[in-house]
Amino acid sequence: MSSSLSSLIFNNITAILVSKFDVERTAIAPGTALSELGLDSLGLMEFVFAVEDAFHLRLPEDRLDPREAGITLQSLCGAIEEQIRCDAESPAAVHA
């Protein structure tokens, strides 16, 4: 994770996992797969919704489906960063 935005996103995701989903901080690393967090399928969906709410965005399901095996926290951060950039560049964001 190189950019400061990625680090900020990762730190926010870590805080959500620790405070709302009781995930041990030591179990959280960029390469950790969502499936390794100890959350069931409903918990994973609730986690993604909590992340979307925290960042005030919606992740397209075709971009990141939390039920899909192998999705890591780093890939989640990348999807969030990409969506933030897309939202910032959209004409609706300029006129909002």
Side-chain angles (χ1 to χ4, degrees):
M1 307 194 86
S2 56
S3 78
S4 58
L5 180 58
S6 292
S7 295
L8 178 65
I9 292 168
F10 182 76
N11 289 339
N12 282 325
I13 288 172
T14 298
I16 291 168
L17 285 167
V18 170
S19 66
K20 295 184 179 180
F21 295 92
D22 299 319
V23 175
E24 291 293 325
R25 189 173 296 275
T26 56
I28 302 169
T32 302
L34 297 185
S35 59
E36 297 171 350
L37 295 172
L39 303 175
D40 61 17
S41 59
L42 178 59
L44 282 173
M45 294 304 291
E46 289 174 344
F47 165 62
V48 170
F49 293 145
V51 167
E52 289 177 333
D53 289 346
F55 290 98
H56 307 288
L57 54 78
R58 291 292 167 243
L59 295 169
E61 197 168 304
D62 64 332
R63 176 71 176 96
L64 183 80
D65 184 343
R67 298 164 293 189
E68 192 176 305
I71 299 218
T72 64
L73 292 174
Q74 186 167 9
S75 58
L76 175 61
C77 289
I80 292 167
E81 189 169 353
E82 185 178 303
Q83 193 63 43
I84 288 171
R85 291 176 202 266
C86 285
D87 289 352
E89 293 171 0
S90 75
V94 173
H95 295 43

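Just so you know, residue 1 is the first one in the sequence shown, and it goes up from there.
- Note: Leu17 CG to Arg25 CZ = 9.5 Å, rounded to the nearest 0.5 Å.
- The CD atom of Glu46 sits 9.5 Å away from the OG atom of Ser41 when rounded to the nearest 0.5 Å.
- A pairwise comparison of heavy atoms in Cys77 and Ser6 identifies SG-O, 4.4 Å as the closest pair.
- From Ile13, atom CD1 reaches atom CG of Leu34 across 8.5 Å, with rounding to the nearest 0.5 Å.
- Between the CZ atom of Arg85 and the CD1 atom of Ile80 there is a distance of 12.5 Å, given to the nearest 0.5 Å.
- Taking 4.5 Å as the limit, some side-chain heavy atom of Leu37 sits within range of a side-chain heavy atom of Leu73.
- Minimum heavy-atom separation, Pro30 to Thr72: O-CB, 3.6 Å.
- The backbone N or O of Ala33 lies less than 3.5 Å from a partner atom in the side chain of Glu36, making a donor-acceptor pair.
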(message) Between Ile84 and Asp87, does the side chain to side chain contact (heavy atoms under 4.5 Å, CB included) criterion hold? Intermediate values first, please.
(response) CA-CA 5 Å; Ile84 288 171; Asp87 289 352; 5.9 Å; no
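- The closest donor-acceptor contact from the side chain of Ser19 to the backbone of Ala15 lies under 3.5 Å.
- Rounding to the nearest 0.5 Å gives a distance of 14.0 Å between NE2 of His56 and CD of Gln83.
- Between Asp53 and Arg58, at least one side-chain N (NZ, or NE/NH1/NH2) sits under 4.0 Å from a carboxylate O, which counts as a salt bridge.
- The distance from the OG atom of Ser7 to the CG atom of Asn12 is 11.0 Å, given to the nearest 0.5 Å.
- Each of Thr32, Ile28, Val18 was compared with Val23 under the side chain to side chain contact (heavy atoms under 4.5 Å, CB included) criterion, and only Ile28 meets it.
- Taking hydrophobic clusters as Ile, Leu, Val, Met, Phe, Trp and Tyr residues chained together by side-chain heavy-atom distances below 4.5 Å, Leu8 does not share a cluster with Leu59.
- Residue pairs satisfying the ring-ring contact (aromatic ring centres under 6.0 Å, His included) criterion with at least one member in residues 19-55, sequence neighbours excluded, are listed as follows: Phe21-Phe47.
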